[in-house]
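Only one structure is covered here, and it is reproduced in the block below.
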Amino acid sequence: MISRTGGAPFASKEADPFETTAEAQSLATGAAGTALLPIERAQRGTDSWAEVHTRLAACTSDLVADEQASLYFGAPAVAFALHTAHVSTGRYVGALDTLDAQITQLTRRRLASADARIDRGERPRVGEFDLFYGLTGLGAYLLCRDPQTKVLRDVLSYLVRLTWPLSGDDDQLPGWWTLLSPSGSISAEFPGGHGNLGMAHGIAGVLSVLAIATRRGAVVEGQTGAMRRICAWLDTWRQESDTGPWWPYWITLAEHRTGILTQAGPSRPSWCYGTPGLVRAQQLAGMALGDSDRQRMAEEALLACLADPGQLGRIRDGGICHGAAGLLHTTRRVARDARSDAFAAHLPRLQALLASQPVAGGDGFLDGTTGPALVLTSADGTTASGWDTCLLTG
């Protein structure tokens, strides 16, 4: 149970009987994620805090804080929702203090496991480091809570270490290279595994959290070099076409060894994979590094993407993760920091695209109706609650 001010817990309303306790703790699909909409509205004065409190109470029982927990599931997911309600209001201090202690312990265990894995010279699972399940996501949460904590610095140091090849690796694969397929299993289609470029599960998420941390004054030894190594790797795999630059979703071992990409052209322009998310990560890195060329390249790549009807035509749903809502919000975030006002001409078309798309993911945050509603509430690309911290777009 949670308390509004950190005092005695209140008697919570029973959760939806069709939603298990575990499902409720999902930021992607459960009550922890759907609570973000009334929180954002309450922060803007257009919804009641009583509604927020009811929503949060539905996901705060029997919180998972073991190694299954991540930014998108369990105690960290619920803590993130509570933090968005805490911003500018001071609410839920007691609950957040309790959860922060649990999340710090969880993060230290995850760091110890990751560092031991690197010491053994073994390849990681994507879930060790990515935004959804791994230490990038836990780092994003810690960063929004307090940029100066030691545990956050330890996460940043681990992410720096992740950018170096493993000792004795003849292929000199980047340290985030996994032997698994993008689905997280051993697959004959991915002999030798893959290197993931995406925001949700790949190195763009790592680059974003390192850049955001740098801009907020959280910097550890080697952080600047790590960002430059990631950017150099992304440059290696940037492709040029008649419709502008683009990046693949991932790289196979054969592609790494030959330097030849098998993908013929750009895929869906989504937040989770594809040009928009990769652009925002590199724009943030350019600003953090004082690299105006990097920032300009990234912004021009997104402008070219938005001008290509073929790429926009691959958007087939309205969700945040890989649909029109994610594309629109990421573009707004890029536009706010852009060196030109050229994005303004594209925003009405992206809003119309969102309005035309179906949403098939129920009321969930990532693929359901909550995400698009949040994007429409944050019409100028800013948020009152910081809900998009879990996307690493700002």
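Worth knowing before you read on, the calculation uses all heavy atoms, side chains too, and leaves out hydrogens, waters and symmetry mates.
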Polar contact flag, side-chain donor to acceptor under 3.5 angstrom, [X]-[Y]:
| X | Y | value |
| --- | --- | --- |
| Thr84 | Glu40 | no |
| Asp388 | Thr393 | yes |
| Ser187 | Ser185 | no |
| Gln43 | Ser88 | yes |
| Thr330 | Arg280 | no |
| Asp97 | Tyr92 | no |
| Thr104 | Thr107 | no |
| Thr383 | Ser385 | no |
| Gln263 | Ser267 | yes |
| Gln68 | Asp66 | yes |

What is the distance from atom [atom1] of [X] to atom [atom2] of [Y], rounded to the nearest 0.5 Å?
| X | Y | atom1 | atom2 | value |
| --- | --- | --- | --- | --- |
| Ser181 | His194 | OG | NE2 | 7.0 Å |
| Asn196 | Leu180 | CG | CG | 11.5 Å |
| Arg296 | Asp291 | CZ | CG | 9.0 Å |
| Gln283 | Met297 | CD | CE | 10.5 Å |

Neighbour count above 12 (heavy atom, 6.0 Å) for Arg125 CZ: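 No - once you tally the heavy atoms of other residues, nucleotides and ligands closer than 6.0 Å, there are 12 at most.
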Indicate the atoms forming the closest heavy-atom contact of [X] with [Y], along with that distance.
| X | Y | value |
| --- | --- | --- |
| Pro165 | Gln172 | CG-OE1, 3.6 Å |
| Cys390 | Leu131 | O-CD2, 3.4 Å |
| Pro38 | Thr34 | CD-O, 3.1 Å |
| Leu156 | Gln223 | CD1-OE1, 3.6 Å |

Using a strict threshold of under 4.0 Å (side-chain N to carboxylate O), is an ion pair present between [Y] and [X]?
| X | Y | result |
| --- | --- | --- |
| Arg117 | Glu128 | yes |
| Arg145 | Asp100 | yes |
| Glu255 | Arg257 | no |
| Asp169 | Arg123 | yes |

For His256 and Trp237, what are the C-alpha separation, side-chain angles and deciding distance, and is it a ring-ring contact (aromatic ring centres under 6.0 Å, His included)? CA-CA 9 Å; His256 170 82; Trp237 296 106; 7.3 Å; no
In the structure I gave you, are the side-chain heavy atoms of Leu353 and Leu327 within less than 4.5 Å of one another anywhere? yes
With a 4.5 Å limit on heavy-atom distance, are the side chains of Arg268 and Gln311 in contact? no
In the hydrophobic clustering that connects Ile, Leu, Val, Met, Phe, Trp and Tyr at side-chain heavy-atom distances below 4.5 Å, which members other than Tyr273 occupy its cluster, ordered by chain and number?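 ILVMFWY cluster around Tyr273 also holds Phe190, Tyr249, Trp250.
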So, Arg349 side chain and Leu306 main chain: donor-acceptor pair closer than 3.5 Å or not? yes
In terms of ring plane angle, is the pair Tyr72 and Phe132 parallel, tilted or perpendicular, where the classes change at 30° and 60°?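 Correct class here is tilted.
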Proximity of Trp176 and Trp233 rings by center, below 6.0 Å: yes
